Protein chains: 2
Amino acid sequence: MLVDTGACERNAHVCHHRRSDNGCGDCKVRPISVCSVLSLVELEQLEGLSQHLTLDKGQTLFGQDEPASAVFNVIEGCLRLTRLLPDGRRQVMGFALPGDFLGLALQERHSVSAEALGQVKTCRFGREDFAAITEAKPHLLKSLHARVRYELTLAQDQMLLLGRRTAEEKVASFLLSLRDRFARIGHNSVTVELPMGRQDMADYLGLTIETVSRMLSRLDRAHSILLVPGGVRLLDAARLERLAAS
Amino acid sequence: MLVDTGACERNAHVCHHRRSDNGCGDCKVRPISVCSVLSLVELEQLEGLSQHLTLDKGQTLFGQDEPASAVFNVIEGCLRLTRLLPDGRRQVMGFALPGDFLGLALQERHSVSAEALGQVKTCRFGREDFAAITEAKPHLLKSLHARVRYELTLAQDQMLLLGRRTAEEKVASFLLSLRDRFARIGHNSVTVELPMGRQDMADYLGLTIETVSRMLSRLDRAHSILLVPGGVRLLDAARLERLAAS
DNA sequence: CGGGCCCTTTGCGTTGGATCAATGCGCGGC
DNA sequence: GCCGCGCATTGATCCAACGCAAAGGGCCCG
């Protein structure tokens, strides 16, 4: 559970050049992002204020307690959102996938750090710029509002999971929710990719790495899942659902 | 942790008569509620759409999975927001105090039940009515938005607490956060009132009633707190802070 | 293709909090 | 005042998950 506090990489690659090839118009995640409510004209305005930003595996998009100078749309890849206690205990607050919006809470300072779990592409907006846009566009505000409300219900689900579920239920529930999230962004498959390591799963579920590993092995032995490199194949989703729901 | 599913009381008292004595104009919680952003003229419009609703101890304002027909402002008293698993395990998602808004998530159905921990007074708005008001008043939407964003950060704090803190840290942290919440609504005192029972605290913190009791006794024995009927006197808040922060 | 690195898995002993079981205690009703 | 009820406390035991240690396996790099 203790993690090293090694210096983190911040040298993300910013595309300053005009994005003629991939503007907002043909953005892959537009239909599932907060931008989906904007018209083509509005998208063009937005485009001028945005920057593409690419991160490599392990790089930090922003760190806990840093001033929140920008917000982001995730276009590609997966990020880990973590909060660290002074003594090194860590809680993973969530994993951001394509279409997710980072900085919803719009606080002065980020309450979590966001780190890339693989190559990640994001769309960056300056905080001031973004505040101005939402001010001017009530339907964007409503879209953001709907998204925070959704995030709040997810957070409450997670509170129930952390407070009252057993290790096995936690792991089963995690695999299913990840499958559903991937399905919603078009990755429909019985094989669920796990872009995060065991330690990340453990810190997300309030467990230790050993317990996560043991529960995965147990589910594997029971033929509920099949452990494959980089992911998990769900063999008996119904059984997992029963475990997750209780 | 198992709770009986006895029939819950719903016969809340509704004031249908015109509230000449206590309109929104002199509402006690207005400065700290989402209504604080409305002008006096707007408040009068709002008043026509609202109903006062009084609950006695143990009565249910709304139940989990019921269609969400209304939203509420808490005026007086304290409510417990709980989510129940099919097998009876319970998670208390939070406690609502005066000034709090119930139904922020604006879902089709309530994801929690809300039960009065003592006498409670609320201000009720029909769902449709309320949606129409927020549609018409962007500053109210912004106020709600700010509130959900705040709730989201609270939920994340709670996730860290549930996932990574020890029993003693959980209890210390709970007492401090309750003190702070009471302070914000004017109840400034070293003695923190505990309107909820031990079981409620346990279900909020992901513990059992016995563990909560033991931790309170331990803090008492260490002279960090003093257990008094109906509450707790914080004797060494600094020590509690150290425990809570780690 | 071999060595080193890092992550994962597994075994085994430990433990924090759960569970079980009394007992205590405040409060309302009679 | 005394009884009964619902909650809270305390003690004794248990067990799910933790912590440690060692072994396994994939992958990169020379």
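Lettering follows sequence order; numbering is per chain, from 1. Just so it is clear, the model here is predicted, and its values are computed rather than measured.
- Note that the two end axes of the helix from C:dC1-D:dG30 to C:dC30-D:dG1 enclose an angle of 30°, each drawn from 5 base pairs, rounded to 10 degrees.
- Evaluation of the ring pair (Phe, Tyr, Trp, His ring centres under 6.0 Å) test over residues 206-232 of chain B, restricted to residues two or more places apart or in two chains, returns none.
- For residues 208-235 of chain A, every residue pair satisfying the salt bridge (Lys or Arg N to Asp or Glu O under 4.0 Å) rule, not counting sequence neighbours, is listed here: A:Glu168-A:Arg218.
- If you check every strand for non-hydrogen atoms under 4.0 Å, B:Ser217 touches sugar and phosphate atoms only.
- Picking from D:dC18, C:dG17, C:dT8 the nucleotide with the shortest atom distance to the side chain of B:Leu207 gives C:dG17.
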Protein N or O to nucleotides 11-14 of chain D N or O, pairs below 3.5 Å:
from	atom 1	to	atom 2	distance (Å)
D:dG11	N7	B:Arg214	NH1	3.1

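- A:Arg165 places its CZ atom 17 Å from the P atom of D:dA16, with the value rounded to the nearest Å.
- For A:Glu193, the side chain to side chain donor-acceptor pair (under 3.5 Å) test picks out no residue, with sequence neighbours left out.
- In terms of the salt bridge (Lys or Arg N to Asp or Glu O under 4.0 Å) criterion, residue partners of A:Arg239 (sequence neighbours excluded) are, by chain and number, A:Asp236.
- Counting to the nearest Å, the C1' atom of C:dT8 and the CG atom of A:Leu216 are 10 Å from each other.
- Using a 4.0 Å cut-off between charged side-chain N and carboxylate O, A:Arg242 and A:Glu169 make no salt bridge.
- Remark: A:Lys28 engages A:Glu76 in a salt bridge, criterion side-chain N to carboxylate O under 4.0 Å.
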Report all side-chain donor-acceptor pairs from residues 172-182 of chain B shorter than 3.5 Å, counting only partners two or more places apart or in another chain.
from	atom 1	to	atom 2	distance (Å)
B:Ser177	OG	B:Phe174	O	3.1
B:Arg179	NH2	B:Glu241	OE2	3.2
B:Arg181	NH1	B:Phe95	O	2.8
B:Arg181	NH2	B:Phe95	O	2.9
B:Arg181	NH2	B:Asp100	OD2	2.6

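- In this structure, of D:dC18, D:dA17, C:dA18, it is D:dC18 that holds the atom nearest to the side chain of A:Thr208.
- D:dT9 atom C1' lies 16 Å from atom CG of B:Leu194, rounded to whole Å.
- In terms of phosphate contacts, A:Thr211 brings no side-chain nitrogen or oxygen within less than 4.0 Å of OP1 or OP2 of D:dA17.
- Following rounding to the nearest Å, B:Leu219 (CG) and D:dT9 (P) show an atom-to-atom distance of 12 Å.
- For A:Gln199 and C:dT9, the CD to C1' distance is 14 Å, given to the nearest whole Å.
- Taking atom CG of B:Leu227 as the reference point, atom P of C:dG24 lies 19 Å away to the nearest angstrom.
- Distance B:Ile209 CD1 to C:dC20 P: 14 Å, rounded to the nearest Å.
- Among residues two or more places apart in sequence or in another chain, the side chain to side chain contact (heavy atoms under 4.5 Å, CB included) test is passed with B:Ala245 by none.
- Between B:Glu169 atom CD and C:dG17 atom P the separation is 9 Å, expressed in whole Å.
- If you check every strand for non-hydrogen atoms under 4.0 Å, A:Gly230 touches nothing.
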Considering only distance and modelled atom types, tabulate donor-acceptor pairs under 3.5 Å from the side chains of residues 77-85 of chain B, sequence neighbours left out.
from	atom 1	to	atom 2	distance (Å)
B:Arg80	NE	B:Asp200	OD1	3.0
B:Arg80	NE	B:Asp200	OD2	3.4
B:Arg80	NH1	B:Glu115	OE1	2.7
B:Arg83	NE	B:Ser111	O	3.2
B:Arg83	NH1	A:Asp157	OD1	2.4
B:Arg83	NH2	A:Asp157	OD1	3.2

